[in-house]
Peer 1: 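Below you'll find the structure I mean.
Nothing here was measured: the structure is a model prediction, and the numbers come from that model. The basis for the numbers below is simple: all heavy atoms, side chains too, and nothing from hydrogens, waters or symmetry mates. Ligands are counted one by one from 1 in listed order, and the atoms in each one are counted from 1 as well.
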Amino acid sequence: MMFSRSSSRFFQCARANSSRNPLQRQQCNTHIGQWRDRVSVSDLKPAPRLASVSSNWKELHAESLRDPEQFFGSLALERLKWQEKFQVVRNVDMNKGHLEWFLGGKLNVSENCVDRHANSHPDRPALVWEKDEPGDTEIVTYQQLLEMVCKIANVLKEFNVHRGDVVAIYMPVSPMAVATMLACARIGAVHSVIFAGFGADSIRSRITDAGAKVVVTADQGVRAGKTINLKQTVDRAVDGLSLIETVLVMQRTKADVPMKHGRDVFLDEAMLNALPWCMPEVMNSEDPLFILYTSGSTGPPKGLLHTQAGYLLYAGLTHQYVFDCSPGDMYACVADIGWITGHSYVVYGPLSNGVSTVLYEPGVPTYPDPGRYWEMVERLRIKQFYTAPTAIRMLMTSSDTYVTKYNRSTLRTLGSVGEPINAKAWQWYHDLPGEQRCAVVDTWWQTETGGISLTPRPAGDTFLKPGMPMRSFFGVEPVLVDPESGQPLEGNNVNGHLCLSQVPPGMARTIYGSHQKYQDTYWNVHPGLYFSGDEARRDSDGHYEMMGRVDDVMNPKGHRLESAEVEDALVNVPAVVEAGVVGYPHPQFGEGIYAFVVVKEQTSESDESVIQDMRQVVRQRVGGFAAPDRTLIVKALPKVRSGKIMRRVLRKIAADISGEVGDTSTCADSSVIDPIIELHEKKFPKSK
Ligand code: WTA
């Protein structure tokens, strides 16, 4: 489906600009004239000298906030390849959540990420595919990547994908997946990558919401020695869905998979006949680049929409300076491409900077043993390494020799993302893999921000505090807001809602199909500010520490998940009447998933078999990572009079702090609470 569902000017522009009718395009561009008073490209001075960024970081940061137009405008001119230069640097209205950057500019993201480096360094590895078995590595050079991208782009065109169309990608971490994302960018199609661990229902709802017409998938995925039937899951997801015209199937294992005549095509075979060159489409800065679904505080997952130039500039800038990367470096981010970390720091950031980016297939850090990361670091001579606290906590429980037996002298920067990293895990990461000499950067950001927003200073800064992102990146101004009064909190030693009073160019522009929801969720909570949904603390030195979400978003193993997604899946089990799902502190996963469930009275099955059914249903519908770690069958759930489950109360019980359940006067029947506490304490005694 072409972008056509929103009435916002953003979408009108996206549609007009993706039109093949030049008249329509022109009409859209005329609005640039409205901001003649803004800084235009001809006013820009040369970009700030970022070469010695560690020495003048403070000054540059202040400059990025004082004059973002000069700061980011000059960087955009210098860092990106433009087919036509932009005329106006930005049009930002923080009261409305209206964000536009580099207006009038035309460029192609795939050309920036691939062609530039294929021309200057054709034989440099672009993608280093670390397949499931250690040592089974495939290298794709920038020249080869260019050919792959062009061929896939031509295949997509052959199957009727045009500029503005949405392509769903449900693939394992692989060069084909990355090339498919870039092929979409090349022809102006909008990709929607769906993490290849999601179940059929999650895929279907994402495809339907985005109006995708093509799905690109694989026969199977391979993770930690196990094969996963991706094509079968896609078949279930698109069964009877008339939207989907074509399913392209990459052959990862060459397993025998059913292919539906007239719909399913092997991608590798189609590429054999495709031309190895495809002209990059000329895209406007604010045309859509991708949609990525993420869990929000209410309702079904939201499709955050990112656009071309601002996103690319910010992904590249943060990647270079947070990780201290130079072109040609061997860099590894072990995230899956199905999450924003994979988009910004496996694909777009590193490739726009011309580094060699590792694609880590096994997913887990312990396959075949807990030395996997460090063996890979030694073998590939990795300089920068980026993972999640949950992986670090998992590795900490094993013997140090899994780390020390490998040579890690190439390592320079170690990154952490996705959830708070406790001081103990930070210290282990810093002392053991990092040999007390690497910079550890705890990076806070979100699908919404598109790129790292809070982070310690880039390498070179020797003052780091364990477990804290500490400071903001260029263009980002954090503000803590008192949730009660809605007033910004001045001074240090304060906790509050983390908001941003200045946002960088990489922010998502809207929620696909619902600009109102975008405004209400992020911009109308604390007017004039972007509201992140997180709580943070500013310590006595003015440094930031993350305190967790303030809404119903959970973060098991660093994966973002909303309570209602799991609850909705659970009620599909015939025996289940209703469910209340919350996160609870988990020593390894950071947050575990706890389901409080009411079952039908006449249920004949044993509690254990109902619980197994529940886990199975959640796996199938949402995905394996969403299956509850703890389930408690209860008689009734605490609810307010309108019927809404009081998750706040369940959260305290799950965290073993039932003494702090707080005010229950709004509970329709507070007598249900004590029996739940009793059952919980019996089934999950504190010592366990
Ligand atoms: C959490 C992931 C503490 C936070 C890039 C945020 C973090 C959500 C950190 C976004 C961190 C991310 N310290 N918490 N360094 N990084 N988070 O959209 O709650 O998948 O709002 O983006 O993860 O998750 P998302």
Peer 1: Using heavy atoms and a cut-off under 4.0 Å, could you grab the residues that are in contact with ligand 1, chain by chain, numbers ascending?
Peer 2: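 Near ligand 1, by chain and number: I340, T341, V417, G418, E419, P420, D442, T443, W444, W445, Q446, T447, D534, M546, R549, N555, R560.
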Peer 1: So which atom in Y331 and which in P350 form the shortest heavy-atom distance, rounded to 0.1 Å?
Peer 2: CE2-CG, 3.6 Å
Peer 1: Taking all atoms of both residues into account, what is the closest heavy-atom pair of L292 and G338, and its distance?
Peer 2: CD1-O, 3.6 Å
Peer 1: Can you give me the closest heavy-atom contact between A210 and I291, atom names plus distance?
Peer 2: CB-CD1, 4.1 Å
Peer 1: Parallel, tilted or perpendicular: which fits the ring planes of F323 and H319, with parallel below 30° and perpendicular above 60°?
Peer 2: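 Because their plane-to-plane angle lies in the 30° to 60° range, the rings of F323 and H319 count as tilted.
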Peer 1: With D539, which residues qualify under side chain to side chain contact (heavy atoms under 4.5 Å, CB included), at least two apart?
Peer 2: K465, M468, R537, D541, H543
Peer 1: Any side-chain heavy atom of I421 within less than 4.5 Å of one from W428?
Peer 2: no
